[in-house]
Amino acid sequence: MKETIIQLLDDAVATLKQRGELPADANPAIKVDPARDKAHGDYATNLALVLAKPAGLKPRELADKLVAALPASDAVRQVEIAGPGFINFFAATDAIAGVVSAILDAGDTFGRSLKGAGEKVQVEFVSANPTGPLHVGHGRGAAIGDCLSRLLEATGFDVTSEFYYNDAGAQIDNLMRSVKARVHGFTPEDAEWPEDGYRGDYIADVATAYLAGETVTADDREVTAAADPEDEAAIRAFAVAYLRREQDLDLKAFEVEFDVYFLESSLYAEGRVEETVEQLIANGHTYEADGALWLRTTAFGDDKDRVMRKSDGSYTYFVPDVAYHHNKWQRGFTRVIDEQGADHHSTVTRVRAGLQALEVGIPQGWPDYVLHQMVLVTRSGVEVKLSKRAGSYVTLRDLIDEVGRDATRYFLAARRADSQLTFDIDLARSQTNDNPVYYIQYAHARVCSVVRKAERDGQAFDHATAMANLERLDAEQEKALMNRLARYPDTVERAAEAREPHQIAQYLIDLASDFHTCYNAQKVMVDDAGLRNARLALGLAARQVISNGLALLGVSAPEEM
RNA sequence: GCGCCUAUAGCUCAACCGGAUAGAGCAACGGCCUUCUAAGCCGUAGGUUGCAGGUUCGAGUCCUGCUGGGCGCGCCA
């Protein structure tokens with residue numbers, strides 16, 4: 001319908017150009033938006049406002065000319081000029097209802113597009129180091145990153161999801177010392193406990209498993225504990241594998257899967273870190289000072305230069321970061337989105353600067369970043385800070401166990417990444433209309449229930465009858481619902497383009513609301529078979545779109561509640 | 001001090017790359033189940049979009065300054 005109106009306007013503009021009433025070089029991107037207010041019809045355009053200046057006319061005068069030049073169309077019932085010069089379109093009912101058959105034909109492909117044209121995109125997210133269970137912040141990253149992956153996949157990109165982790169640095173050394181202390185029977189209260197050691201109970205679990213000689217599998221590697229209390233390399237390898245497996249279980253409980261797990265150590269093993277350093281030196285962007293090797297990142301927009309090689313000879317994390325991103329580029333990812341906590345935002349300029357300094361043709365501003373703000377968890381209005389196992393933070397698993405996967409995913413993805421998020425455990429747990437997850441799922445279950453009743457009553461949905469009666473869906477509530485359904489493909493595209501999963505969550509609330517309104521206003525199971533089937537078709541279309549949208553969020557669509 | 005993010009109804013949040021009278025949900029108040037799931041619907045009330053300027057036909061949205069909040073400012077990651 002929207003495309004039809006754009007076409008009509010396009011013709012009208014061409015006509016006015018021929019007549020010389022519009023300058024020939026006026027080529028506006030014609031924007032047609034769904035009307036906000038139903039008094040404004042179904043769709044509206046600001047075209048006359050945009051073109052008024054180049055045309056040298058008052059907006060309303062130009063709107064008059066545009067409307068007069070519109071080709072006739074069965075799809076449009078009425079056209080009005082309103083306000084400062086908006087052109088409002090009232091669509092014919094059957095033109096609006098066309099979306100219902102389109103949805104039923106497309107099924108779970110409705111809303112998908114080929115816009116990405118198979119371009120390779122990588123989404124990197126979570127990327128937690130294997131030093132403990134995932135926390136709520138990782139959960140937010142997982143919800144956003146996973147939904148982004150699904151959105152990009154749905155819009156025709158070739159998506160790779162990737163999890164990067166540091167398996168060898170100073171933090172891992174700390175992990176090893178912590179586990180070793182536990183292996184020797186020390187607790188965080190003892191004087192022997194390592195400084196800044198990881199104090200959570202899970203460290204004791206790792207130590208126990210290590211001493212028991214357990215075997216763990218993670219990232220396609222198998223590690224068997226040596227059980228030797230003094231073998232630091234063995235403790236390190238086992239602890240990393242153990243905690244990676246723990247995180248995999250967290251992710252599995254959250255239904256998030258990654259295509260690739262990328263180890264920082266592989267960058268060293270394959271010589272990529274050395275290569276990167278040599279390249280940067282060769283390009284003349286480095287200098288020695290205070291016994292360290294520096295990169296002149298200020299030449300690429302950073303506010304200060306950065307150390308690459310410390311005076312002790314080891315590299316800062318920044319160097320493998322650059323090497324890693326160079327590797328992404330070499331793998332053919334013309335688009336990369338890094339989803340991270342905003343507490344890491346200082347790496348953005350730094351990594352981009354390092355990549356520019358490599359001078360290998362990577363565009364400025366590559367890669368993209370989606371940074372999410374902090375998550376605050378509350379229960380009974382009070383901040384929750386600790387978990388039993390992790391000690392110092394709320395784990396993702398705690399949340400999933402307590403409020404369920406669907407609600408956790410929804411709440412963590414439903415808000416703009418930019419906004420600080422308060423995760424209200426009481427609200428997420430509530431099985432009432434306070435809870436948007438249930439509100440949306442309930443709409444889906446309600447349609448299923450009606451369909452079941454239709455079948456029970458021997459009045460199962462008849463597609464042909466429904467299609468022949470779609471124009472009878474002319475109640476205000478039905479038209480509002482159909483217009484909402486028609487917006488779904490645009491919503492998916494916009495959400496993907498803006499990298500904003502929360503738009504899907506928001507859309508689904510609006511859709512569910514329109515559906516519930518309709519459901520209460522118009523009884524589906526009426527005697528009139530034509531009307532009944534048309535309404536069933538509308539319900540099925542709504543169910544389909546709810547299901548498609550929830551799938552993008554990774555939230556289930558139950559048939560009964 | 002500098003950088004990034006942010007400020008919208010009592011609360012939690014939207015507002016479609018600048019559009020018409022800023023919208024939902026919760027909380028408050030009043031209605032709706034002998035009819036398909038009341039986990040629902042309808043209605044009432046609730047706002048100087050932090051403050052002050054600017055840009056323009058038009059600003060919650062863009063620009064500048066100020067104020068409050070969050071995060072960051074390591075030869076940590």
Side-chain angles (χ1 to χ4, degrees), chain A residues 31 33-37 39-40 44-46 49-50 52-53 58-59 82-86 88 127 129 131 166 169-171 174 196 264 289-294 303-304 306-312 314-318 320-321 341-349 371-374 376 414-422 424 427 430-439 441-443 445-454 456-457 477 487 490-491 494-495 497-498 502-503 505-507 509-510 512-513 515-526 532 535-536 539 560-561:
Chain A
K31 205 175 134 204
D33 289 321
R36 278 191 191 170
D37 187 332
H40 299 151
T45 184
N46 62 354
L49 295 166
V50 175
K53 191 165 278 180
K58 287 180 183 169
F86 291 99
N88 295 333
S127 294
N129 286 335
T131 55
N166 175 348
Q171 290 181 58
N174 187 7
D196 298 325
E264 186 188 26
D290 306 323
L293 180 68
W294 297 69
D303 56 355
K304 60 173 91 163
R306 304 293 166 177
V307 170
M308 297 169 62
R309 191 170 55 222
K310 300 181 249 180
S311 48
D312 70 1
S314 65
Y315 295 110
T316 57
Y317 72 95
F318 154 69
D321 259 12
D343 53 339
H344 287 96
H345 77 254
S346 62
T347 65
V348 174
T349 313
L371 304 176
H372 64 260
Q373 298 290 329
M374 301 295 101
L376 175 75
R415 305 236 167 82
R416 277 164 57 230
D418 274 341
S419 70
Q420 292 166 48
L421 175 79
T422 301
D424 183 338
L427 177 61
S430 73
Q431 303 207 350
T432 69
N433 50 359
D434 311 4
N435 192 330
V437 187
Y438 288 95
Y439 183 78
Q441 291 181 323
Y442 185 51
R446 266 184 150 176
V447 178
C448 294
S449 175
V450 176
V451 170
R452 281 194 301 270
K453 178 174 170 53
R456 260 199 321 275
D457 295 351
Q477 300 92 338
R487 296 174 62 167
D490 270 358
T491 304
R494 249 201 336 268
E497 214 164 283
H502 80 274
Q503 291 192 25
Q506 190 65 36
Y507 170 84
I509 290 181
D510 293 337
S513 170
F515 169 78
H516 286 307
T517 295
C518 223
Y519 180 92
N520 278 274
Q522 251 77 38
K523 190 172 157 77
V524 175
M525 295 305 294
V526 292
R532 183 178 68 236
R535 286 180 177 166
L536 271 171
E560 284 181 87
M561 290 175 72

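Values below: every heavy atom of this structure, side chains too, minus hydrogens, waters and symmetry copies. In what follows, chains carry the letters A, B, and so on, assigned in the order in which the sequence lines appear, proteins first and then strands, with residues in each chain numbered from 1.
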Mark yes or no for a side-chain to base donor-acceptor pair under 3.5 Å between [X] and [N], with no hydrogen or angle criteria applied.
| X | N | result |
| --- | --- | --- |
| A/Y442 | B/rA39 | no |
| A/H344 | B/rG72 | no |
| A/T517 | B/rC41 | no |
| A/D343 | B/rG72 | no |

Closest heavy-atom contact between A/A342 and A/M374?
->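 The answer is N-CE, 4.4 Å.
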
For a quick test of reading the model, state the closest non-hydrogen atom pair linking A/R306 to A/F318 and the distance between them.
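Between these two residues, the closest heavy atoms are CB-CE2, 4.2 Å.
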
Should [X] be listed as having a side-chain N or O under 4.0 Å from OP1 or OP2 of [N]?
| X | N | result |
| --- | --- | --- |
| A/Y438 | B/rA38 | no |
| A/K31 | B/rG18 | no |
| A/R532 | B/rC36 | no |
| A/S449 | B/rU37 | yes |
| A/K53 | B/rC57 | yes |
| A/T347 | B/rA77 | no |
| A/K304 | B/rG3 | no |
| A/R416 | B/rC5 | no |
| A/H502 | B/rA15 | yes |

Per [X] side chain, nearest of listed nucleotides [options]:
| X | options | answer |
| --- | --- | --- |
| A/R494 | B/rA39, B/rU12, B/rC16 | B/rC16 |
| A/R36 | B/rC41, B/rG60, B/rU37 | B/rG60 |
| A/D418 | B/rC13, B/rC71, B/rC5 | B/rC5 |
| A/H345 | B/rG40, B/rG19, B/rC71 | B/rC71 |
| A/A44 | B/rA20, B/rA15, B/rG40 | B/rA20 |
| A/N166 | B/rU6, B/rA14, B/rA77 | B/rA77 |
| A/N46 | B/rC16, B/rG19, B/rA77 | B/rG19 |
| A/P84 | B/rG40, B/rC75, B/rG19 | B/rG19 |
| A/Y519 | B/rA14, B/rA20, B/rU37 | B/rU37 |
| A/Q506 | B/rA77, B/rC75, B/rA14 | B/rA14 |

For A/F86 and B/rA20, are the ring centres under 5.5 Å apart with planes inclined under 30°?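 Ring-base stacking flag set for A/F86 and B/rA20.
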
At under 4.0 Å between heavy atoms, what does [X] touch on the DNA or RNA strands: base, sugar-phosphate, or nothing?
| X | value |
| --- | --- |
| A/Q420 | base |
| A/N88 | base |
| A/L49 | base |
| A/A292 | base |
| A/A82 | base |
| A/R309 | nothing |
| A/Q441 | nothing |
| A/D290 | base |
| A/Q522 | base |
| A/A445 | base |
| A/S314 | nothing |

Whole-Å [atom1] distance, [N] and [M]:
| N | M | atom1 | value |
| --- | --- | --- | --- |
| B/rC29 | B/rG46 | C1' | 12 Å |
| B/rC62 | B/rG19 | P | 11 Å |
| B/rC76 | B/rC71 | P | 23 Å |
| B/rG18 | B/rC63 | P | 11 Å |
| B/rC5 | B/rU44 | P | 40 Å |
| B/rU21 | B/rG60 | P | 10 Å |
| B/rU49 | B/rU8 | P | 12 Å |
| B/rG74 | B/rC66 | P | 24 Å |

Check: [X] side chain, [Y] main-chain N or O, donor-acceptor pair, under 3.5 Å:
| X | Y | answer |
| --- | --- | --- |
| A/R535 | A/K523 | yes |
| A/D37 | A/A39 | yes |
| A/H516 | A/Y439 | yes |

Rounded to whole Å, the CH2-P distance (A/W294 to B/rG74) equals 10 Å

Rounded to the Å, how far apart are A/Q477 CD and B/rG40 P?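 One finds 18 Å between P of B/rG40 and CD of A/Q477, rounded.
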
Between A/M525 and A/Q373, whichever has its closest RNA chain B nucleotide further toward 5' is A/Q373

* Relative to the 5' end of RNA chain B, which residue comes earlier, A/T45 or A/K523, by the nucleotide with the nearest heavy atom? ->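 Residue closer to the 5' terminus by nearest nucleotide: A/T45.
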
* Asked: Crowded around A/K58 NZ? As in, over 12 foreign heavy atoms under 6.0 Å?
  ->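 At most 12 heavy atoms, drawn from other residues, nucleotides or ligands, come within 6.0 Å of this atom.
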
Quiz prompt | A/R446 to A/F515, cation-pi by 6.0 Å centre distance and 45° axis angle | solution = no

* Asked: Between the side chains of A/D312 and A/S314, is a donor N or O closer than 3.5 angstrom to an acceptor N or O?
  ->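 There is such a pair (donor and acceptor under 3.5 Å, judged by atom type) between the side chains of A/D312 and A/S314.
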
As its Watson-Crick or G-U partner within any shown strand, both distances under 3.5 Å, B/rC4 has B/rG70

field: Identity of whatever pairs with B/rG30 - Watson-Crick or G-U, under 3.5 angstrom
entry: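 Paired with B/rC42.
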
| Ion pair present between A/R494 and A/D490, side-chain N to carboxylate O less than 4.0 angstrom? |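 Salt bridge: no.
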
* Quick one: does A/N46's side chain get under 4.5 Å of A/F86's, heavy atoms only? -> yes

